[in-house]
Q: 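For reference, the structure I am asking about is given below.
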Amino acid sequence: MGEVLQSNKRIALFDNLKFVLIACVVVGHFSDVITGESSVARVAFLYIYTFHMPLFIYIFGLFHNNKNTLQKVLKYLTLYVLLSIFIFSVRSLLFDSSVSLNLFSTKAIPWFMFAVAAYELLAYLLRKINKKFLIAAAVVLALFAGYDKSIGDFLIISRIIVYFPFFLLGTITPKEKLVEINKNKINKVIGAAILAAVFILFTVFRNELYVLRPFLTGRNSYGGDFAESGILIRALCYIISAVMSWALIAVIPASHLGFITKTGQKTLQIYFWHRPILYVLEFFGFDGFCLTFTGALGNMGGLALYYAAAIAVTFICALKIFSFPTKHIMNANLLSSNNKTELQ
């Protein structure tokens, strides 16, 4: 095990895990389009959002190092700007020509690139501080940040704060530990039971638990019925996210799964392209068609078609033609040798 982790070979476990997470990102955004019309979509949204972004950011922390920090920050910021402009252009063309572009504040999916850039910079600047103390402080900050209504989408501050503990936790986790968790057969049984139990819980109490939505997106302050108890709800969401993430790590296959594993190596380009494609599908009424579709499975047939399309989009966006611009930017040297700083 140690020899495998120390080699230059990719570890299929992590690529398989990233495939599941990026598929969940796509399915989650497809679900978000129809949560107002479909209780199934509400269940999918709640279930996926309990773990997909916390675990994704945890994986980024897992593979973090303090080398070439300024390069990585600039690359993610470049992708943030490009994706923001791209999505703005698509939305303006297809839906609303009056929509505005604000690079300093967004709730749209480019937030993730900005947040990762922030995490890379913060991890470097705070590298000399004890990580366990830093994680504890980050959790406390996130729990209380919800009471400040000025913290929101500006500079993605809310999401950066809420998800930062997961990134930090990833930076102190040995990869070998996750491999050991995954190899344990008892863990797999427990993990499968947890994933199934939470799914049943969200299915049975989908309407009651849908009030958790603002907490699961990471971008909202505490308000309404949770103006005072928000700190407890966020703490509960942290616990659910941690348990669900552990369960998923335990049950993910560790062997190479062919194109599934290879697709898990291309999560950044999938993330970049999937939402504009979904906008196009929305423009042509694909969601409405699926909701009214009646086939051999009745109305469920339409939902099956809708979510099959989400998985198809995941694989389509992994094709080589969609490697631009993410692959080119991530492989580029955005700083000349004369401009390198101590952040390198």
Q: Within this structure, what is the CD1-CG distance for the pair Ile59 and Leu21, rounded to the nearest 0.5 Å?
A: 6.5 Å
Q: Are more than 12 heavy atoms from other residues, nucleotides or ligands located less than 6.0 Å from atom NZ of Lys188?
A: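 Correct, the count exceeds 12.
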Q: Would you say the ring centroid of Phe112 lies under 6.0 angstrom from that of Tyr271?
A: yes
Q: Is any side-chain heavy atom of Pro276 closer than 4.5 Å to a side-chain heavy atom of Phe86?
A: yes
Q: For Phe289 versus Leu305, what's the shortest heavy-atom pair and its separation?
A: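 That closest heavy-atom pairing would be CE2-CD2, 3.7 Å.
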Q: In terms of the angle between their ring planes, are Tyr306 and Phe286 parallel, tilted or perpendicular, with boundaries placed at 30° and 60°?
A: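 Because their plane-to-plane angle is under 30°, the rings of Tyr306 and Phe286 count as parallel.
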Q: State whether the number of non-hydrogen atoms from other residues, nucleotides or ligands found under 6.0 Å of Glu208 atom CD is greater than 12.
A: yes
Q: Verify, without hydrogens or angle tests, whether His29 (side chain) and Val26 (backbone) share a donor-acceptor contact under 3.5 angstrom.
A: no
Q: Do the non-hydrogen side-chain atoms of Phe272 and Phe322 ever get within less than 4.5 Å of each other?
A: no
Q: Does Phe104 have more than 12 heavy atoms from other residues, nucleotides or ligands lying within 6.0 Å of its CZ?
A: no
Q: With ring centroids as reference points, do Tyr119 and Phe60 lie under 6.0 angstrom apart?
A: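 Aromatic pair excluded; centres sit 6.0 Å or further apart.
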Q: Going from OH on Tyr80 to CD1 on Ile85, what distance comes out if it is rounded to the nearest 0.5 angstrom?
A: 10.5 Å
Q: Before giving the answer on side-chain contact (heavy atoms from CB on, under 4.5 Å), spell out for Phe166 and Ser241 the whole-Å C-alpha distance, their side-chain angles and the decisive distance to 0.1 Å.
A: CA-CA 10 Å; Phe166 295 100; Ser241 295; 4.0 Å; yes
Q: Could you walk me through whether Val43 and Phe199 satisfy the side-chain contact (heavy atoms from CB on, under 4.5 Å) test, starting with their C-alpha distance in whole Å, then the side-chain angles of each, then the deciding distance to 0.1 Å, before giving a yes or no?
A: CA-CA 8 Å; Val43 173; Phe199 181 78; 3.9 Å; yes
Q: Where does the angle between the aromatic ring planes of Phe324 and His328 fall among parallel (under 30°), tilted (30 to 60°) and perpendicular (over 60°)?
A: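 Phe324 and His328: perpendicular rings.
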Q: Is it possible for you to check whether Arg206 lies under 6.0 Å from the centre of the six-membered ring of Phe202, through NZ or CZ, and within 45° of that ring's axis?
A: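 No, a cation-pi geometry is absent between Arg206 and Phe202.
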Q: Please state whether the rings of Tyr47 and Phe51 are parallel, tilted or perpendicular, taking 30° and 60° as the class boundaries.
A: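 Because their plane-to-plane angle is over 60°, the rings of Tyr47 and Phe51 count as perpendicular.
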Q: Looking at Asn182, is its backbone amide N or carbonyl O close enough to the side chain of Asn187 to form a donor-acceptor pair, meaning the two atoms are under 3.5 Å apart?
A: no
Q: State whether the side chain of Asn16 and the backbone N or O of Ala12 hold a donor-acceptor pair below 3.5 Å, judged by distance alone.
A: yes
Q: So, are Asp32 and Arg213 salt-bridged, with charged N and O less than 4.0 Å apart?
A: yes
Q: With distance as the sole test, does Asn331 use its side chain to make a donor-acceptor pair with the main-chain N or O of Lys327 at under 3.5 Å?
A: yes
Q: Can you tell me if Ser323 uses its side chain to pair, donor with acceptor, with the backbone of Leu319 under 3.5 Å?
A: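 Pair absent, no side-chain N/O of Ser323 close to backbone of Leu319.
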Q: Quick test of your reading of the model: are Arg275 and Glu282 salt-bridged, counting only N-O distances below 4.0 Å?
A: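 Yes.
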Q: Taking atom OH of Tyr76 and atom NZ of Lys72, what is their separation to the nearest 0.5 Å?
A: 8.0 Å
Q: With side-chain contact (heavy atoms from CB on, under 4.5 Å) as the criterion, how do Asn102 and Ser105 come out once you've worked through the C-alpha distance, each side chain's angles and the decisive distance to 0.1 Å?
A: CA-CA 6 Å; Asn102 187 346; Ser105 179; 3.8 Å; yes
Q: For Lys131, look at atom NZ and say whether over 12 heavy atoms of other residues, nucleotides or ligands are found less than 6.0 Å away.
A: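 Above 12, so yes.
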Q: Considering residues, nucleotides and ligands other than Lys132, do more than 12 of their heavy atoms fall under 6.0 Å from its NZ?
A: no
Q: Report yes or no: does Arg127 contribute a side-chain atom to a donor-acceptor pair with the main-chain N or O of Tyr124 at less than 3.5 Å?
A: yes
Q: Would you say the side chain of Ile194 lies within less than 4.5 Å of the side chain of Trp246, judging by non-hydrogen atoms?
A: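 Yes, their side chains come closer than 4.5 Å.
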Q: How far apart are the closest heavy atoms of Asn220 and Pro214, and which atoms are they?
A: ND2-O, 3.1 Å
Q: Can you tell me if Asn68 uses its side chain to pair, donor with acceptor, with the backbone of Gln71 under 3.5 Å?
A: no
Q: Any chance you could measure Ser150, atom OG, to Ile157, atom CD1, to the nearest 0.5 Å?
A: 8.0 Å
Q: Please check if the number of heavy atoms outside Ile321 that lie under 6.0 Å from its CD1 is greater than 12.
A: no
Q: Do Trp273 side-chain atoms and Cys317 backbone N/O form a donor-acceptor pair below 3.5 Å?
A: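 Judged by distance alone, no pair lies under 3.5 Å.
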Q: Looking at Thr267, Ile252, Thr263, which hits side-chain contact (heavy atoms from CB on, under 4.5 Å) with Lys18?
A: Thr267
Q: Using 0.5 Å steps for rounding, measure from the CG atom of Asp287 to the OG1 atom of Thr292.
A: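 One gets 9.5 Å once the value is rounded to the nearest 0.5 Å.
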Q: Can you tell me if Ser38 uses its side chain to pair, donor with acceptor, with the backbone of Ala41 under 3.5 Å?
A: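 At least one qualifying donor-acceptor pair exists.
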Q: Give the intermediate values and the outcome of side-chain contact (heavy atoms from CB on, under 4.5 Å) for residues Phe30 and Val313.
A: CA-CA 10 Å; Phe30 268 69; Val313 167; 3.9 Å; yes
Q: Just do the salt bridge (charged side-chain N to carboxylate O under 4.0 Å, His left out) check on Arg219 and Asp153 with the steps written out, would you?
A: CA-CA 7 Å; Arg219 55 176 292 266; Asp153 293 327; 2.5 Å; yes
Q: Specify the closest pair of heavy atoms between Ile161 and Tyr238, including all atoms of both residues, with the distance to one decimal.
A: O-OH, 4.4 Å
Q: Assign the ring pair Tyr163 / Trp111 to parallel, tilted or perpendicular, where the plane angle (0 to 90°) is split at 30° and 60°.
A: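 Tyr163 vs Trp111 ring planes: parallel.
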Q: Does a sphere of radius 6.0 Å around CZ in Phe144 hold more than 12 heavy atoms from other residues, nucleotides or ligands, not counting ones at 6.0 Å or beyond?
A: no
Q: Is it true that Phe215 and Tyr222 have ring centroids separated by less than 6.0 Å?
A: yes
Q: Which distance, rounded to the nearest 0.5 Å, do you find between the CD1 of Ile48 and the CE of Met244?
A: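 Result: 9.5 Å between the selected atoms.
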